[in-house]
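Shown next, in structure tokens, is the structure this report addresses.
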Amino acid sequence: MSDQLKYRRILLKLSGEALMGDADYGIDPKVIGRLADEILEVRRVGVEIGVVIGGGNIFRGAGLAEAGMDRVTGDHMGMLATVMNALAMQDAIEKRGGYARVMSALPIHDVAEDFIRRRAVRHIEKGRIALFAAGTGNPFFTTDSAAALRAVEIGADLLLKATKVDGVYSADPAKHADATRYDRLNYDQVIERKLAVMDTAAIALCRDHHMPVRIYDMTVPGNLMRIMRGEPIGTLVEG
Ligand code: UDP
């Protein structure tokens, strides 16, 4: 691995919304292709990578429950949506000559491997991109919590949360002209100030296990590689 790299192993959280580009539903192949290119660029310089993909571009349990559906059923549908997104990412990575494995927290053996921690670590050590699907496998959780969990489980050096904004702000910058962007925060500040970083369960898990989190703008090409080289892009949350 190049000694210019700051990180050896990362967990990248991509929301489902990140995959839909300018559309309001589903997957934009151009967007997923560009993200696959960035992941492979970082892989080729030696970084080991696990990815957690959300499902909000297709279904969210909370939204389905608001519309009258049983919450647990809605969450199952949300988790299955993440499996579809992960399959699309697996396809995009392999079309570009990379190696990827979807590992699902819900067993669906004809479609994906089960998530087994030791096997996941083996995949990433061998240079495959591990795509962790179906969140935690439990209703009432989010894929942010799954990202925190998998980051800790695989011993990542950094959890990266890819977003469409360039970091964490004191208020919504679209609504408040005086909102300021933070370069650094600690976990308790995120929780106390109710900052829209990740849900509280995910942040608390990162805090308890000293997992640094960097929130960055994934719409700027090359940002992932810049972060690997140690550039302070976005907002860093740590202890
Ligand atoms: N989900 C769940 N348990 C998990 C992770 C996800 O039940 O451990 C369901 C939940 O309904 C959630 C949906 O899957 O709304 C999609 O995940 P999420 O909303 O986190 O996706 P994102 O916002 O990242 O696209």
Side-chain angles (χ1 to χ4, degrees), residues 10-28 31-32 35-36 39 49-90 92 102-108 111-112 114-117 120 130-154 159-165 168 172 190 195-206 209 211 213-219 224 234 237:
I10 58 166
L11 189 293
L12 175 64
K13 161 71 206 293
L14 294 174
S15 72
E17 280 172 4
L19 309 180
M20 61 191 191
D22 295 330
D24 51 13
Y25 183 83
I27 297 168
D28 179 340
V31 174
I32 209 164
L35 289 168
I39 290 169
I49 308 166
V51 182
V52 167
I53 304 192
N57 55 324
I58 304 173
F59 288 125
R60 281 211 175 89
L64 293 171
E66 262 173 46
M69 187 179 279
D70 171 66
R71 173 65 192 258
V72 174
T73 303
D75 281 341
H76 286 156
M77 291 171 68
M79 285 188 268
L80 291 172
T82 75
V83 178
M84 290 195 253
N85 287 334
L87 290 172
M89 180 57 87
Q90 177 174 252
V102 177
M103 305 191 90
S104 174
L106 293 172
I108 324 178
V111 172
D114 291 347
F115 172 76
I116 296 171
R117 188 184 72 92
L131 302 169
F132 301 126
T136 64
N138 298 292
F140 304 108
F141 283 89
T142 64
T143 51
D144 279 353
S145 287
L149 180 64
R150 297 296 182 238
V152 173
E153 283 184 285
I154 66 168
L159 194 170
L160 279 155
K161 173 145 172 163
T163 67
K164 292 180 178 174
V165 283
V168 182
D172 183 348
V190 172
L195 298 171
V197 176
M198 297 201 295
D199 56 75
T200 309
I203 286 291
L205 191 62
C206 290
H209 297 278
M211 175 62 60
V213 183
R214 189 173 277 285
I215 296 88
Y216 79 104
D217 186 352
M218 57 111 206
T219 66
L224 190 58
V237 182

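Order of listing sets the numbers, starting from 1, for every ligand and every atom in it. The structure displayed is predicted, hence computed values, not measured ones. For the single chain, residues carry numbers from 1 onward in sequence order.
Of the protein's heavy atoms, G78 CA, 3.6 Å lies nearest to atom 13 (C) of ligand 1. Among all protein heavy atoms, the one lying closest to atom 20 (O) of ligand 1 is T143 OG1, 2.5 Å. In this structure, the protein non-hydrogen atom closest to atom 5 (C) of ligand 1 is T142 C, 3.4 Å. Protein heavy atom nearest atom 11 (O) of ligand 1, with residue, atom name and distance: D75 OD1, 2.5 Å.
Note on ligand 1: M77 sits outside its first shell, no heavy atom being nearer than 4.0 Å.
Polar contact with ligand 1: present for G61 (N/O pair, distance under 3.5 Å). Close N/O approach between T82 and ligand 1 is not found [any backbone or side-chain N/O within under 3.5 Å]. An N or O contact shorter than 3.5 Å is missing between G54 and ligand 1 by distance. Any N or O atom pair closer than 3.5 Å counts here, and T136 shares at least one such pair with ligand 1. Backbone and side-chain nitrogen or oxygen atoms of F141 are examined, and one is located within less than 3.5 angstrom of a nitrogen or oxygen of ligand 1. In terms of N/O distances under 3.5 Å, ligand 1 is approached by G55.
Residue-level proximity to ligand 1 for N138 is carried by the backbone, the only part with a heavy atom below 4.0 angstrom. With a 4.0 Å cut-off on non-hydrogen atoms, H76 does not touch ligand 1 at all.
More than 12 heavy atoms of other residues, nucleotides or ligands shown are found within 6.0 angstrom of CG on D172.
Below 4.0 Å from some heavy atom of G16 lie the following atoms of ligand 1, by number and element: 22 (P), 24 (O), 25 (O). Of all the atoms in ligand 1, the ones that sit under 4.0 Å from a non-hydrogen atom of P139 are 7 (O). Residue-ligand proximity, F59 to ligand 1, at heavy-atom distances under 4.0 Å covers atoms 13 (C), 16 (C). Residue R60 has at least one heavy-atom neighbour below 4.0 Å for each of these atoms of ligand 1: 11 (O), 15 (O), 19 (O), 22 (P), 23 (O), 25 (O). Of all the atoms in ligand 1, the ones that sit under 4.0 Å from a non-hydrogen atom of K13 are 24 (O). Here is the list of ligand 1 atoms found below 4.0 Å of a heavy atom in S15: 24 (O), 25 (O). Listed by atom number, the atoms of ligand 1 under 4.0 Å from G56 heavy atoms are 21 (O), 22 (P), 25 (O).
Using a 4.5 Å heavy-atom threshold, the side chains of V197 and K161 count as separate. In this structure the side chain of V31 never reaches within 4.5 angstrom of the side chain of M20, judged on heavy atoms.
Checking side-chain atoms of N85 against main-chain N and O of G54 turns up a donor-acceptor pair under 3.5 Å. With hydrogens and angles ignored, the 3.5 Å screen pairs no side-chain donor or acceptor of T143 with any backbone N or O of A146. S104 contributes no side-chain N or O that, together with a main-chain N or O of P107, makes up a donor-acceptor pair within less than 3.5 Å. Here the side chain of T163 pairs a donor or acceptor atom with the backbone of Y216 at under 3.5 angstrom. Judged by distance alone, the side chain of N57 and the main-chain N or O of G26 form a donor-acceptor pair under 3.5 Å. Proximity of a side-chain donor or acceptor of E17 to a complementary backbone N or O of G56 within less than 3.5 Å is not detected. The backbone N or O of T219 lies less than 3.5 Å from a partner atom in the side chain of D217, making a donor-acceptor pair.
Under the side-chain contact (heavy atoms from CB on, under 4.5 Å) criterion, M103 pairs with E113, F115, R119, A120, H123, F132, sequence neighbours left out.
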Considering only distance and modelled atom types, tabulate donor-acceptor pairs under 3.5 Å from the side chains of residues 62-70, sequence neighbours left out.
residue : atom : partner : partner atom : Å
D70     : OD2  : V72     : N            : 3.4
D70     : OD2  : T73     : N            : 3.0
D70     : OD2  : T73     : OG1          : 2.9

